[in-house]
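All remarks here apply to the structure that follows.
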Amino acid sequence: MAETSRRHPQTVCSLAIIRDRNEFSPRSAIRSTAIFTVTRCPKSVARFSIDHRAFDRTATRAEILTGIAERIPDGATLIARASRTPQHYLRHAFASSGPLPPADLQLLQRERPDLEIMPLEFANSVLEEIAAAYQIERAGPGSNILSRARRAPDEAQGLWAAFISSHASRHERNSLSAAWQAWRAIERARPVGF
């Protein structure tokens with residue numbers, strides 16, 4: 001019975017941040033971002049949009065995160081994969097008695113306190129299973145940064161699909177995923193602009 005009480009928020013933004021190294025690595029740089037936005041609508045179930053950006057190493061983390069914060073609708077729920085801090089980094093931070101630097105999502109929360117930010121933890125195997133079920137193309141293990149950056153929109157959509165599988169009622173999940181599949185078919189049919 002608890003399933004009927006779960007509802008998809010009015011607006012969900014699924015964020016994928018592609019980095020060339022781990023987020024906590026000193027030389028890590030954001031190379032691509034994708035924001036997949038789902039807004040529930042009374043007449044058409046939902047509206048979908050994707051915002052995909054690429055960056056070179058000269059773009060700063062602050063500039064990129066400010067740009068992300070500006071593109072997220074007011075009052076949205078932001079979902080993203082939770083940051084994983086490598087063990088060696090934790091040991092070094094604790095040994096030096098210094099605080100851990102803030103993660104991307106913490107910085108976004110500081111800039112946009114109106115957002116409900118949900119860091120999600122899904123194993124890669126779960127995301128692979130969802131990607132297979134919805135025919136989402138993900139960059140494979142060991143893919144280069146260019147391949148991973150190109151697949152950022154798919155990564156954001158796969159994360160949202162994982163989110164609705166665990167945070168929406170069966171009825172809502174079925175109607176949202178059907179609308180999303182229709183939107184994806186239309187997007188794939190659009191001519192590519194050069």
Side-chain angles (χ1 to χ4, degrees), residues 3-4 6-19 30-55 64-65 67-81 105 108 112 114-120 122 124-141 143-194:
E3 186 172 329
T4 58
R6 296 186 296 174
R7 293 208 29 97
H8 187 279
Q10 181 64 34
T11 303
V12 172
C13 293
S14 178
L15 173 65
I17 297 177
I18 308 301
R19 293 175 164 276
I30 297 173
R31 302 305 300 273
S32 180
T33 63
I35 304 169
F36 176 59
T37 304
V38 180
T39 305
R40 287 188 303 124
C41 303
K43 293 182 182 177
S44 63
V45 180
R47 284 190 325 259
F48 304 92
S49 65
I50 194 81
D51 180 297
H52 182 208
R53 310 275 170 111
F55 308 95
I64 295 168
L65 293 178
I68 290 170
E70 291 169 354
R71 294 189 305 275
I72 296 173
D74 292 341
T77 297
L78 177 67
I79 61 172
R81 285 189 84 172
L105 294 181
L108 284 169
R112 291 288 307 275
D114 64 304
L115 301 177
E116 179 181 350
I117 297 182
M118 297 177 66
L120 303 176
F122 288 107
N124 277 332
S125 60
V126 170
L127 293 176
E128 287 296 330
E129 198 173 299
I130 287 171
Y134 288 107
Q135 299 174 341
I136 298 170
E137 294 183 41
R138 295 182 76 213
S143 295
N144 65 27
I145 189 66
L146 184 58
S147 296
R148 291 179 24 239
R150 284 183 181 154
R151 291 285 172 219
D154 298 314
E155 201 65 28
Q157 291 177 65
L159 183 62
W160 175 77
F163 171 76
I164 65 167
S165 72
S166 60
H167 288 82
S169 68
R170 181 176 302 169
H171 171 73
E172 192 170 40
R173 183 172 55 243
N174 289 343
S175 62
L176 283 169
S177 64
W180 169 53
Q181 294 287 14
W183 175 82
R184 285 179 66 209
I186 292 167
E187 288 297 301
R188 282 192 298 265
R190 288 185 197 277
V192 177
F194 290 99

Exercise for review: Could you walk me through whether Y134 and Q157 pass side chain to side chain contact (heavy atoms under 4.5 Å, CB included), step by step?
Suggested key: CA-CA 10 Å; Y134 288 107; Q157 291 177 65; over 6 Å; no
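- Between F48 and W160, the ring-plane angle classifies as perpendicular under the 30° and 60° cut-offs.
- To the nearest 0.5 Å, the span separating CD1 on I68 from CG on L108 amounts to 5.5 Å.
- Between E155 atom CD and R81 atom CZ the span is 6.5 Å, to the nearest 0.5 Å.
- Side-chain contact check for R112 versus I117: every heavy-atom pair is 4.5 Å or farther apart.
- For H52 (side chain) and R150 (main-chain N/O), no donor-acceptor pair under 3.5 Å exists by modelled atom type.
- At least one side-chain heavy atom of T33 sits less than 4.5 Å from a side-chain heavy atom of F55.
- In this structure, I136 and L127 have side chains that are not in contact, with every pair of non-hydrogen atoms separated by 4.5 Å or more.
- The pair E187-R184 fails the salt-bridge criterion, with no side-chain N (NZ, NE, NH1 or NH2) lying under 4.0 Å from an Asp/Glu carboxylate O.
- Between I18 and A149, the shortest heavy-atom contact is CG2-N, 4.0 Å.
- Here the CD atom belonging to Q10 is positioned 7.0 Å from the OG1 atom belonging to T39, to the nearest 0.5 angstrom.
- Closest non-hydrogen pair, L105 versus P119, comes out as CD1-CB, 3.8 Å.
- For the pair F36 and A156, the tightest heavy-atom approach, listed with the atom from each and the gap, is CB-CB, 3.9 Å.
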Exercise for review: With side chain to side chain contact (heavy atoms under 4.5 Å, CB included) as the test, would you mind laying out the steps for T37 and D51 before giving the verdict?
Suggested key: CA-CA 8 Å; T37 304; D51 180 297; over 6 Å; no
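- Of the possible donor and acceptor atoms, one in the side chain of E172 sits under 3.5 Å from a partner among the backbone N and O of H8.
- Between N144 and S147, the shortest heavy-atom distance links the atoms OD1-N, 2.7 Å.
- At most 12 non-hydrogen atoms from other residues, nucleotides or ligands lie less than 6.0 angstrom from CZ of R47.
- P9 approaches R40 most closely through the heavy-atom pair O-NE, 3.3 Å.
- Rounding to the nearest 0.5 Å gives a distance of 4.0 Å between CD1 of I79 and OG of S14.
- Scanning all heavy atoms of the two residues, the minimum distance from C13 to I35 falls at CB-CG2, 3.8 Å.
- Here the side chains of R138 and N124 are in contact, with some heavy-atom distance below 4.5 Å.
- Rounded to the nearest 0.5 angstrom, L146 CG and R151 CZ are separated by 11.0 Å.
- Within the model, atoms CD1 of I130 and OG of S165 stand 4.0 Å from one another, a figure rounded to the nearest 0.5 Å.
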